[in-house]
Amino acid sequence: MAYTGGIILFALGILISVALHEAGHMWSARAFGMKVTRFFIGFGPTLFSFRRKEIEYGFKAIPAGAFVSIVGMTPLDEVAPEDEDKVFWKRPLWKRTIVLAAGSITHFILGVLILFVTAMFIGLPNPARADYDANEHPAVLGVVNECVPATPDSYECSVAKGDPRSPASAAGLKAGDRITSFNGVTTPTYGELVTTVRKTPAGPVPLTYERDGKTVSTTITVIRRNLDISTTETPNVQNVGFLGVSPKGSDAPLTVTYGPIDAVGQTFDYTGQIFAGTFRAIGNFPEKIPKLWDALLGQERDPETPVSVVGASRIGGEVVERGVWPIFFLLLANLNFFIGVFNLFPLLPLDGGHIAIAWFEKIRSWWALKRGKPDPGRVDYTKLLPVTYAVVLIFGGITLLTVATDIINPITLTR
């Protein structure tokens, strides 16, 4: 139930974001005296609508986006005589640029607000955990799990309910113990302990540790289990030796909340990180398309491949199911930043394409005037239609591929 609710909630968050994107266009257009005639959420047949002043507001049957109609967006649009003084393309370039960019600006504002609220009330990932380097810290235990979850993706277990005791708990290890030797191998750092444990076969092995200044030798029975040790670049699930412990330092809280002033700093820090990650993702986008196709044909899904609204909503559902709300809101913020950046690309029919044409017209007119030539006027949009259709087909095909892959071979969260 929580999973389904999470999917619906995340999809609703996306729909609200897209609706506010279009509202950004509408509000800025009206502020500059342009005429707006329609604002609808969804596409397809109209479910209901109402009119307020000169604008018709409403909902359509397919909740897959939103749109706003501004009179005279291009010279191709028919304009009623009474609306000639409210036409979009007759407004100064700076006003048209603001209106066209208002959708992306709205996404950026939403992303910042989501991060700020998350920092204050929900919690952002704890830097103390993110900066932890197992190869630079001694093999001191921070957490000794009492039992072993039934599956690698489980988060809870209980000896009282029949789950087996973890090897570390059964051997009597406690938080604060420092492992100095495992299976005859000296372990000066926690990273070396992990490396040694993972390659150890199942069964009893000798263990030496320090507690309260005393050295203790004992035997611990290693078990083998599947564990996700993926990096951001490479998915990797291996069958490894397992003790059921975590290092000191990793037992710090997963998330941290901040006061209003510190939350501002954390918000802009995360905003910078997300923008950098967004541009990296867009730069790596072409090389991910073949991997999407491979995943659709049954190969293991690269976790770095793009996800559609379907895939993002499924991940949102998993996050809600596990109660990891910070990730839910970080994912929603990431999506807003991505849409905002992508929409500014200078390609029709994206807003960035219309901005590029508007500035091209301005520069072309300036250059003609400088050379004493007549103003060439507006760009002929009819000549750009084939390019627009090509962009729509390419991105439409990629969208279909991504949606299909998200249905057949989705990205799922690991422990």
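Residues: numbered from 1 along the sequence shown. Just so we're clear, the structure is a prediction, and the values are computed from it rather than from any experiment.
- Of all heavy-atom pairs spanning R198 and R224, the tightest one is O-NH1, 2.9 Å.
- At a threshold of 4.5 Å between non-hydrogen side-chain atoms, the residues V222 and P167 do not count as touching.
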Would F268 and F116 count as a ring pair (Phe, Tyr, Trp, His ring centres under 6.0 Å) here? Give the steps. CA-CA 9 Å; F268 283 102; F116 181 73; 9.1 Å; no
Scan the side chains in residues 93-100 for donor-acceptor partners under 3.5 Å anywhere in the protein, sequence neighbours excluded, and list what turns up.
{"from": "R96", "atom 1": "NE", "to": "R91", "atom 2": "O", "distance (Å)": "2.8"}
{"from": "T97", "atom 1": "OG1", "to": "L93", "atom 2": "O", "distance (Å)": "2.9"}
{"from": "T97", "atom 1": "OG1", "to": "W359", "atom 2": "NE1", "distance (Å)": "3.0"}

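- Proximity of V387 to L347: side-chain heavy atoms (C-beta onward) are nowhere separated by under 4.5 Å.
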Set out, in order, the CA-CA distance, both residues' side-chain angles and the distance that settles side-chain contact (heavy atoms from CB on, under 4.5 Å) for M26 and I55, then state yes or no. CA-CA 10 Å; M26 178 181 69; I55 305 175; 4.2 Å; yes
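- For the pair D294 (side chain) and Q299 (backbone), a donor-acceptor distance under 3.5 Å is absent.
- Of all non-hydrogen atoms in A23 and F39, the two that sit nearest each other are N-CE1, 3.5 Å.
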Can you check side-chain contact (heavy atoms from CB on, under 4.5 Å) on V148 and R225, steps first, answer last? CA-CA 10 Å; V148 180; R225 98 192 235 106; 3.2 Å; yes
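- T187 contributes no side-chain N or O that, together with a main-chain N or O of T189, makes up a donor-acceptor pair within less than 3.5 Å.
- When all heavy atoms of T267 and A119 are compared, the closest pair comes out as OG1-CB, 4.4 Å.
- Heavy-atom minimum distance, V379 versus E361: N-OE2, 2.8 Å.
- H107 is not listed as a side-chain neighbour of V341, based on a closest heavy-atom distance of 4.5 Å or more.
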Determine, step by step, whether F10 and F328 satisfy the ring pair (Phe, Tyr, Trp, His ring centres under 6.0 Å) criterion, reporting the C-alpha distance in whole Å, the side-chain angles of both residues, the deciding distance to 0.1 Å, and the verdict. CA-CA 8 Å; F10 195 86; F328 180 93; 5.3 Å; yes
K86/E54 under salt bridge (charged side-chain N to carboxylate O under 4.0 Å, His left out): CA gap, chis, key distance, verdict: CA-CA 12 Å; K86 299 180 180 179; E54 61 186 12; 3.7 Å; yes
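- Note that the CD1 atom of I339 and the CD1 atom of I14 stand 7.0 Å from one another [nearest 0.5 Å].
- The nearest pair of heavy atoms linking A19 to A66 is CA-CB, 3.9 Å.
- Atom CG of N343 is separated from atom CG of L350 by 5.5 Å, given to the nearest 0.5 angstrom.
- Between the side chain of R38 and the main chain of E56, no donor-acceptor pair closer than 3.5 Å is present.
- Other residues, nucleotides and ligands contribute at most 12 non-hydrogen atoms within 6.0 Å of the CD atom of E78.
- Atom CD1 of I261 has 12 or fewer neighbouring heavy atoms from other residues, nucleotides or ligands inside a 6.0 Å radius.
- By the neighbour-count criterion of 12 heavy atoms within 6.0 Å, atom CZ of R52 is sparsely surrounded, having that number or fewer from other residues, nucleotides or ligands.
- One distance of note links CG of L331 with CG of N336; it measures 10.5 Å at 0.5 Å rounding.
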Give the C-alpha distance, both sets of side-chain angles, the deciding distance and a yes or no for ring pair (Phe, Tyr, Trp, His ring centres under 6.0 Å) between F337 and F275. CA-CA 7 Å; F337 284 119; F275 264 115; 5.1 Å; yes
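- The side-chain heavy atoms of V392 and P349, taken from C-beta on, include a pair separated by under 4.5 Å.
- Put simply, the side chain of N145 never gets that close to the backbone of C147: no donor and acceptor are under 3.5 Å apart.
- Between the OG atom in S169 and the NZ atom in K174 there is a gap of 10.5 Å [rounded to 0.5 Å].
- Contact check on R280 versus E304 returns no salt bridge, with no Lys/Arg side-chain nitrogen under 4.0 Å from an Asp/Glu carboxylate oxygen.
- Side chain of S28 to backbone of H25: a donor-acceptor contact under 3.5 angstrom is found.
- At a threshold of 4.5 Å between non-hydrogen side-chain atoms, the residues F59 and T46 do not count as touching.
- Looking at heavy atoms from C-beta onward, L207 lies in side-chain contact with L173 at the 4.5 angstrom threshold.
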Apply salt bridge (charged side-chain N to carboxylate O under 4.0 Å, His left out) to D83 and K90, showing your working. CA-CA 11 Å; D83 294 333; K90 289 185 177 180; over 6 Å; no
Are H21 and D351 close enough, and set up right, to give a side-chain contact (heavy atoms from CB on, under 4.5 Å), and what steps lead you there? CA-CA 11 Å; H21 169 115; D351 292 334; 3.4 Å; yes
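- At least one donor-acceptor pair under 3.5 Å links the side chain of R314 to the backbone N or O of D406.
- A donor-acceptor contact shorter than 3.5 Å links the side chain of N409 to the backbone of A295.
- Aromatic ring pairs are classed by plane angle as parallel below 30°, tilted from 30° to 60° and perpendicular above 60°; the pair F395 and F342 is perpendicular.
- A donor and an acceptor atom, one from each side chain of Q273 and D269, are located under 3.5 Å apart.
- Side-chain contact check for I355 versus L344: some heavy-atom pair is nearer than 4.5 Å.
- R364 places a side-chain N or O within 3.5 Å of a backbone atom of G377 that can act as its donor or acceptor partner.
- A cation-pi arrangement is absent between K60 and F43 under the rule of less than 6.0 angstrom and at most 45 degrees off the ring axis.
- Between atom CG of residue L330 and atom CG of residue L335 there is a gap of 12.5 Å, rounded to the nearest 0.5 Å.
- Side-chain contact between I7 and E318: absent, with no pair of heavy atoms (C-beta onward) separated by less than 4.5 Å.
- The line from OG1 of T106 to CG of L20 is 7.0 Å long, rounded to the nearest 0.5 Å.
- Closest non-hydrogen pair, P63 versus L15, comes out as O-CD1, 3.9 Å.
- A donor-acceptor pair is defined here as one N or O able to donate and one able to accept, closer than 3.5 Å; no such pair exists between the side chain of T305 and the backbone of R301.
- No more than 12 heavy-atom neighbours from other residues, nucleotides or ligands sit within 6.0 angstrom of OH on Y389.
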Show your reasoning for whether side-chain contact (heavy atoms from CB on, under 4.5 Å) applies to D375 and L369. CA-CA 7 Å; D375 188 342; L369 179 63; over 6 Å; no
